[in-house]
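Order of appearance sets the numbers: ligands from 1, and atoms from 1 within every ligand.
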Amino acid sequence: MPALAHALLAALKDHGAREIFGIPGDFVLPLFKVIEDSNILPNVTLSHEPAVGFAADAAARYHGGLGVAVVTYGAGAFNVVNAVAGAYAERSPVVVIAGAPGARERVSGFLLHHQARTVDTQLAVFKEITCDQAVLSDPATAAAQIARVLRSAKEMSLPVYLEFPRDMVDAEIEPVVPLSPRAANREALDECVDEILARIARAERPVIVVDVEIRRYGVEDRIAALARKLGLPLVTTFMGRGLLDRADDVVAGTYLGAAGNPEITRLVEDADLVLMLGVILSDTNFALSNRAPDPRRMILAASREVQIGHHAYRDMPLGDLIDALDQRATPRAAAPGLPRQRAVYPRGLPADGQPIAPSDIATAINDMFDRYGRMPMTSDIGDCLFTAMEIDNTALAAPGYYAGMGFGVPAGIGVAATGLRPLILVGDGAFQMTGWELGNCRRYGLDPIVVLFNNCSWEMLRVFQPESRFNDLDDWHYADIANSIGGTGERVTTRGELVAALERAVQRRGRFSLIEVMLPRGKTSDTLARFVKGFKSARERMTK
Ligand SMILES: Cc1ncc(Cc2c([C@H](C)O)sc(CCOP(=O)(O)OP(=O)(O)O)c2C)c(N)n1
Ligand SMILES: [Mg+2]
C-alpha cells in the first residue's frame, strides 16, 4: 500500500494538477521532502504565501486542472486565506494542503507554535472559503476523503482544503481511486434543454453572455460551436474578458454596461432573452447596467444549476447542458444586423516623444501582438485591468470580481510555470505588495514580460476621492530594482521609449523583463474614466 504523501500526490496528478506552489515549514517539511524527492509534480516555491495562492489559482485557470498550494500550519495557512477567498469568489479550483500537528502533539497540553485560538481554528477558517474539507488523520479513511474532496474541487470549480498532520506522511493507505463525475439526470436535462430551445425560438433579439465558468469547465469551444449553430451573438462579461480567445468570429465584445461600447450594451440590454452561461452575477459585471437583470428574460446556467425565469433545475453540470443543447438544437441563421464583426481595438501608436497615457499602453501592446502574436495575460486590479479592456481579446486571468490587489505578478509566475510566456499588467501599488516575487523567476528559468503602470498613486482610489493625500505614493524606481533581482528593467517616459522597450522585451528570453511606464497622476485609461462616470451617475440615480 502506498504512503499517504505519495498517494496524495498521485491523486492530485490524476485529478488534473500540473504543479505545486508552496512554502515549507516544520509542519510540512516531511511532506515537502516527498514532493521534492518523488517529483510526481514539479514544485515551485515562492516568497510569501499570498503569492502561492495567486499562482495556484492562475495556473488552474490556464491549464484547466487543479491549482495546488502547500503551506505550513497556522502562519503559512492563514497567510494564504485572502488568495483562497479570491479563488472561491472567482470559482477557481485551488487545493489547499495545509500542515498540522500530529496526533501526540495535539494532546500534549501545550499551546503549539503557529496555533491561533484552538488547534482546529485553521480548519474552521478554511471551512468558510472552500467547498469541501478533510483532515487526513485516519489511514483507513484518507483515500476515500481525498477522492471525495478532489472530485468536489473539479465539480464545483471551487477551492478545497486538505489538512495534513505531519505524523501521517508515511502512513500506509489504500490507493486513491478517483470518483466518477456526477452527470445530470437525463430526463431533467432533456426537459431543461427543450425549455431553453423553445425560449430561444420565441425570442426576437436573443443574446448569449458568457463568463469565467465556461473556462473552468472547459466548454469554451463547445459554446462557440453552439453560438454559431444557433446564430446567436455572444458577448463576455467584464470578468469573462479573454474568454473564447480562439473564436474571434463569435465574440462581439465585452459587456460593460454604461461604461462599454454602446452597440454591445444595446445588444444585451435590448435583448428579449439573455442566455447567461457560466456567469457570476456580480456588481463588477452588472452594476453599470442601465437595465437590471430581469428573471423573465434571463436564463442563467451557473454553479451546476439552470435558472429559467423563477424556477431552477438542480445538478446541471455546464458541460452536460451544452452538449445536450448542441444535440437537440437545429441550426439557425444569424439574425440580420447583429454585431458579428469583432470589436475594434486601438492600433498604430506613434513612436514619438509624447508622454504616455494608460490607453497608449493598450495600443502599443496591440501593435506588439500584431507583430508577434497575442500573449496570455494576467492583470492586477487597478487601472491596468481597465486598460486590459482596450487590449485585443487574448486569454486573461485577473481578479475582476474579487478585486484583490497583489494577484497580477504571482499569477503571471503561476502561468509561466505552466510553460506559457505571459504578459503581466500591474500598477505600482499592487506591485509594492507582491511584485518582488519576480525574484523567483531566475531559479525556474521563467521570463514573463511585466508592464508596470507607475503613476506613483493609488489612482483608482483617487478617482473616487481626489482630496485624499494618502493616495500619493512615492517613486520606488522599480526598473532599477528589477536588474538586481534577476531581470532586466527599463523605465520609459515617452511613447517611443515604450514601443522600443516592448520590442526589446519580446526578443529577450531567459530572464524577466520589467517595463516601468511613468504615467501622470490624475490620468486614467479611457475605460476607467467611463467606469467612474458610470458609477457616479448610477450612485446619483440611487440617491434620488
Ligand atoms: C489587497 C487589497 N487592498 C486594498 C484594495 C483597495 C484598492 C483598490 C480597489 C478599488 O478595491 S484599487 C487600489 C489602488 C491600486 O493602486 P495601483 O496598484 O497603483 O493601481 P492604480 O494606480 O492604477 O489604481 C486599492 C488600494 C484592494 N482592492 N486590495
Ligand atoms: Mg498606481
Side-chain angles (χ1 to χ4, degrees), residues 48-54 57 78-90 129 238-239 259 282-285 287-288 356-362 365 377-391 398-412 424-438 450-466 468-479 491-493 514-532 534-536 538-539:
H48 195 205
E49 284 88 356
V52 166
F54 293 136
D57 175 347
F78 291 130
N79 244 355
V80 82
V81 165
N82 182 49
V84 174
Y88 193 101
E90 307 220 351
I129 51 173
F238 176 64
M239 275 184 71
S282 67
D283 57 358
T284 46
N285 278 340
L288 292 190
I356 305 165
S359 293
D360 291 334
I361 299 173
I365 289 171
M377 291 201 311
T378 65
S379 177
D380 220 296
I381 190 71
D383 196 17
C384 57
L385 182 53
F386 294 89
T387 304
M389 299 300 115
E390 300 166 25
I391 294 173
Y401 160 40
Y402 185 67
M405 283 165 71
F407 178 90
V409 167
I424 300 169
L425 307 179
V426 60
D428 56 316
F431 192 91
Q432 291 176 1
M433 291 184 177
T434 58
W436 314 110
E437 293 289 347
L438 288 171
V450 183
V451 176
L452 196 160
F453 292 51
N454 189 1
N455 46 23
C456 300
S457 168
W458 284 332
E459 197 59 30
M460 260 196 80
L461 302 184
R462 185 192 305 279
V463 294
F464 289 103
Q465 195 166 296
S468 295
R469 293 183 307 283
F470 52 64
N471 289 321
D472 299 348
L473 301 184
D474 200 349
D475 180 359
W476 288 16
H477 289 269
Y478 305 92
R491 185 174 173 117
V492 297
T493 57
L514 185 142
I515 301 172
E516 178 185 15
V517 183
M518 301 313 292
L519 297 163
R521 284 179 184 154
K523 181 79 182 119
T524 69
S525 66
D526 302 339
T527 304
L528 180 55
R530 288 196 303 272
F531 251 80
V532 172
F535 265 117
K536 286 179 175 173
R539 194 160 47 188

Novice: At under 4.0 Å between heavy atoms, which part of Leu473 makes contact with ligand 1: side chain, backbone, both or neither?
Specialist: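 Neither; nothing of Leu473 gets under 4.0 Å from ligand 1.
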
Novice: Do Val463 and Leu461 have side chains that get closer than 4.5 Å, going by heavy atoms?
Specialist: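 Result no, sub-4.5 Å side-chain heavy-atom pair not found.
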
Novice: For a side-chain contact (heavy atoms from CB on, under 4.5 Å) with Pro410, tell me which candidate from Leu438, Asp380, Thr434 qualifies.
Specialist: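 Testing Pro410 for a side-chain contact (heavy atoms from CB on, under 4.5 Å) against Leu438, Asp380, Thr434 leaves exactly one candidate, Thr434.
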
Novice: Going by distance alone, is a donor N or O of one side chain under 3.5 Å from an acceptor N or O of the other, for Ser525 and Asp383?
Specialist: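 Side-chain D/A pair, Ser525 to Asp383: present.
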
Novice: Output yes if Asp428 passes the N/O/S-under-2.8 Å test against the Mg ion (ligand 2); output no otherwise.
Specialist: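 Yes, since at least one N, O or S atom of Asp428 sits under 2.8 Å from the Mg ion (ligand 2).
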
Novice: Going by the closest heavy atom to atom 24 (O) of ligand 1, which one wins out of Arg462, Met405, Met460?
Specialist: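 Answer by nearest heavy atom: Met460.
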
Novice: Test Phe431 against every option in Tyr478, Phe407, Trp476, Phe453 by the ring-ring contact (aromatic ring centres under 6.0 Å, His included) rule and name the one that passes.
Specialist: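 For Phe431, the ring-ring contact (aromatic ring centres under 6.0 Å, His included) test succeeds with only one of Tyr478, Phe407, Trp476, Phe453, which is Tyr478.
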
Novice: Looking only at protein heavy atoms, identify the closest one to atom 23 (O) of ligand 1 and say how far it is in Å.
Specialist: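 The closest heavy atom on the protein side is Asp383 N, 2.8 Å.
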
Novice: If you measure every N/O of Gly382 against every N/O of ligand 1, is any gap under 3.5 Å?
Specialist: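 So ligand 1 has no N or O lying under 3.5 Å from an N or O of Gly382.
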
Novice: Heavy-atom contacts with Asp428 under 4.0 Å: which atoms of ligand 1 show up? List them by number with element.
Specialist: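 Selected atoms, number and element: 19 (O).
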
Novice: Mark up the atoms of ligand 1 that fall under 4.0 Å of a heavy atom belonging to Gly429, in ascending order.
Specialist: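 In order of number, 17 (P), 18 (O), 19 (O).
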
Novice: Yes or no, since that's all I need: does a protein heavy atom fall within a distance strictly under 4.0 Å of atom 26 (C) of ligand 1?
Specialist: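 True for atom 26 (C) of ligand 1.
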
Novice: Please classify the Ser457 to ligand 1 contact at 4.0 Å (heavy-atom distances, strictly less than): side chain, backbone, both or neither.
Specialist: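 Under 4.0 Å from ligand 1, Ser457 contributes backbone atoms alone.
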
Novice: For ligand 1, find out whether one of its N or O atoms is nearer than 3.5 Å to an N or O atom of Asn455.
Specialist: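 Yes - when backbone and side-chain N and O of Asn455 are compared with those of ligand 1, one distance drops under 3.5 Å.
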
Novice: For the atom pair CZ (Arg521) and OG (Ser457), what is the distance rounded to the nearest 0.5 Å?
Specialist: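 Rounded to the nearest 0.5 Å, the CZ-OG separation comes to 6.0 Å.
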
Novice: Under the criterion side-chain contact (heavy atoms from CB on, under 4.5 Å), which of Leu452, Thr378, Ile391 is the partner of Leu425?
Specialist: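 Result for side-chain contact (heavy atoms from CB on, under 4.5 Å) with Leu425: Ile391.
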
Novice: Using side-chain contact (heavy atoms from CB on, under 4.5 Å), reason through Gln432 and Leu473 one step at a time and then give a plain yes or no.
Specialist: CA-CA 10 Å; Gln432 291 176 1; Leu473 301 184; 4.1 Å; yes

Novice: Looking only at heavy atoms, is any part of Asp380 under 4.0 Å from ligand 1, and if so is it the side chain, the backbone, or both, or is it neither?
Specialist: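 Neither; nothing of Asp380 gets under 4.0 Å from ligand 1.
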
Novice: Do Asp428 side-chain atoms and Cys456 backbone N/O form a donor-acceptor pair below 3.5 Å?
Specialist: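 Yes, the answer is positive, given that a donor and an acceptor are paired below the 3.5 Å cut-off.
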
Novice: Over 60° means perpendicular and under 30° means parallel, so tell me whether Phe531 and Phe238 are parallel, tilted or perpendicular.
Specialist: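 It falls in the tilted class, 30° to 60°.
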
Novice: Evaluate the side-chain proximity of Arg462 to Ser468: yes if any heavy-atom separation is below 4.5 Å, no if none is.
Specialist: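 The answer is no, as the side chains (C-beta and beyond) never meet within the 4.5 Å cut-off.
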
Novice: For atom 8 (C) of ligand 1, which candidate among Leu461, Asn471, Leu385 provides the closest heavy atom?
Specialist: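 Nearest heavy atom to atom 8 (C) of ligand 1 lies in Leu461.
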
Novice: Taking both backbone and side chain into account, is any N, O or S atom of Met460 nearer than 2.8 Å to the Mg ion (ligand 2)?
Specialist: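 So Met460 does not bind the Mg ion (ligand 2) by this criterion.
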
Novice: Can you see whether Glu390 engages Thr387 through a side-chain donor-acceptor pair at a distance of less than 3.5 angstrom?
Specialist: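 No donor-acceptor contact under 3.5 Å links the two side chains.
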
Novice: Measuring to the Mg ion (ligand 2), does Ser457 have an N/O/S atom at a distance below 2.8 Å?
Specialist: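 Within the cut-off used here (under 2.8 Å), Ser457 does place an N, O or S atom near the Mg ion (ligand 2).
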
Novice: Is there a nitrogen or oxygen of Glu459 sitting under 3.5 Å from a nitrogen or oxygen of ligand 1?
Specialist: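 The answer is yes, given that Glu459 and ligand 1 share an N or O pair closer than 3.5 Å.
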
Novice: Do any heavy atoms of Gly406 fall under 4.0 Å from ligand 1?
Specialist: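 Checking ligand 1 against Gly406, which is what was asked, there is no heavy-atom contact under 4.0 Å.
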
Novice: Suppose we measure from atom 16 (O) of ligand 1 to each protein heavy atom; which comes out shortest, and what is that distance?
Specialist: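 Protein heavy atom with the smallest distance to atom 16 (O) of ligand 1: Trp458 CD1, 3.4 Å.
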
Novice: May I ask you to identify the nearest protein heavy atom to atom 18 (O) of ligand 1, giving residue, atom name and distance to one decimal place in Å?
Specialist: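 Checking every protein heavy atom, the shortest distance to atom 18 (O) of ligand 1 gives Ala430 N, 2.9 Å.
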
Novice: Write out the residue and atom name of the closest protein heavy atom to atom 28 (N) of ligand 1, then the distance separating them to 0.1 Å.
Specialist: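 It is Ala403 O, 2.8 Å.
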
Novice: Tell me yes or no: between the side chains of Tyr402 and Asp57, is some donor less than 3.5 Å from an acceptor?
Specialist: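 No - no donor-acceptor pair under 3.5 Å links their side chains.
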
Novice: Provide, to 0.1 Å, the distance between atom 3 (N) of ligand 1 and the closest protein heavy atom, together with that atom's residue and name.
Specialist: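 Going atom by atom, the protein heavy atom closest to atom 3 (N) of ligand 1 ends up being Met433 CE, 3.8 Å.
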
